Amino acid sequence: MQQTYSPVSIFGVPTDVGAGRRGASMGPEGLRVAGLVEALRARGVDVDDLGDLKGPKNPWAGPRDGYRHLDEVVAWNRVVLEASSAELARGRMPIMLGGDHCLAIGSIAAVANHCRATSRKLRVLWLDAHTDFNTSQITPSGNVHGMPVACLCGIGPAALTGIGGVTPSMQVAQFRQIGIRSVDPDEKRLVKAHGLDIYDMRYIDEVGMRRVVEEALDGLDDDTHLHVSFDVDVLDPTIAPGTGTPVPGGINYREAQLVMEMIADSGRLGSLDIVEVNTALDQGNTTAELAVDLVESLFGKSTLMRD
Ligand SMILES: [Mn+2]
């Protein structure tokens with residue numbers, strides 16, 4: 001099944017203001033050096049690399065009122081929102097190269113607005129070791145990269161929950177989370193109370209990745225925009241060491257390929273985040289190289305010509 005993809009616009013967001021360790025700011029360049037643009041062009045995709053967005057420096061300060069660097073996080077997310085919105089309006093598929101995962105607030109708020117404006121449904125596939133559903137009251141660290149899903153669902157500071165102009169940007173029921181294996185104690189209660197649809201590692205082990213992805217993609221139709229938020233810490237740290245919050249027991253290479261190929265088969269991919277590539281913690285550039293390999297599959301690369 002040879003698909004044609006809408007033209008793609010790539011932009012880098014070189015910051016780690018939402019993270020607890022420095023270095024995700026180098027992710028965009030790591031992904032470019034690993035050949036992301038060339039790999040997509042080899043798939044026949046029209047790719048425009050817009051370069052990197054600009055924003056405030058990382059002050060590397062402690063938490064205030066439960067948040068670290070909230071002003072800077074808001075500023076970066078505003079530029080992300082603007083860039084994503086502009087590319088969606090031009091009919092191009094935005095691919096955001098993080099940066100840490102707090103930036104998904106802006107990228108997904110943009111997609112949510114676009115879907116509202118064009119009367120399309122939205123499904124977000126959140127590939128991550130973590131549920132990212134913390135709040136200022138329960139966060140152990142104040143790092144906002146642990147809060148984007150909560151913020152998008154209207155739980156968080158007004159500057160983030162309302163960043164796209166509509167609060168909440170998203171409904172919990174629009175999210176599917178795959179690969180989860182690290183949830184903070186109070187966060188567990190919160191995701192349970194809100195009924196987040198979570199495919200954790202135990203469930204993946206029990207039923208297999210094929211069924212997990214079938215369930216996560218169930219109900220997509222021609223009017224559905226699929227956003228994939230790919231935190232590379234979903235991958236097992238033995239194959240993806242270059243990330244700030246590695247957790248053992250992640251998805252392996254074959255499971256990751258299957259997820260990406262099944263998303264490609266759905267034909268619904270509309271936008272993508274690739275976040276938390278931390279080249280300072282990597283072995284060589286292996287994590288970015290693996291991410292590029294997986295993105296090729298996301299854009300339809302497969303071993304055989306399949307019907
Ligand atoms: Mn994350």
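Atoms within each ligand, like the ligands themselves, are counted from 1 in listed order. Here the structure is a predicted model, which is why all the values come from computation and not from measurement.
For Trp126, the ring pair (Phe, Tyr, Trp, His ring centres under 6.0 Å) partners are His101, not counting sequence neighbours. Residues passing the ring pair (Phe, Tyr, Trp, His ring centres under 6.0 Å) test with Phe133 are His194, sequence neighbours excluded. Not counting sequence neighbours, Asp218 has no partner by the salt bridge (Lys or Arg N to Asp or Glu O under 4.0 Å) test.
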Hey, mind stepping through Gln257 and Ser297 against side-chain hydrogen bond (donor to acceptor under 3.5 Å, both in side chains) and telling me if it holds? CA-CA 7 Å; Gln257 289 289 7; Ser297 299; 2.5 Å; yes
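Between Glu38 and Arg41, none of the side-chain N atoms (NZ, or NE/NH1/NH2) sits under 4.0 Å from a carboxylate O, so this pair counts as no salt bridge.
For the Mn ion (ligand 1), protein N, O or S atoms closer than 2.8 Å were enumerated as His101 ND1, Asp128 OD2, Asp132 OD2, Asp231 OD2, with waters left out.
Defined by atom type and a distance below 3.5 Å, a donor-acceptor pair is present between the side-chain atoms of Asp273 and Ser229.
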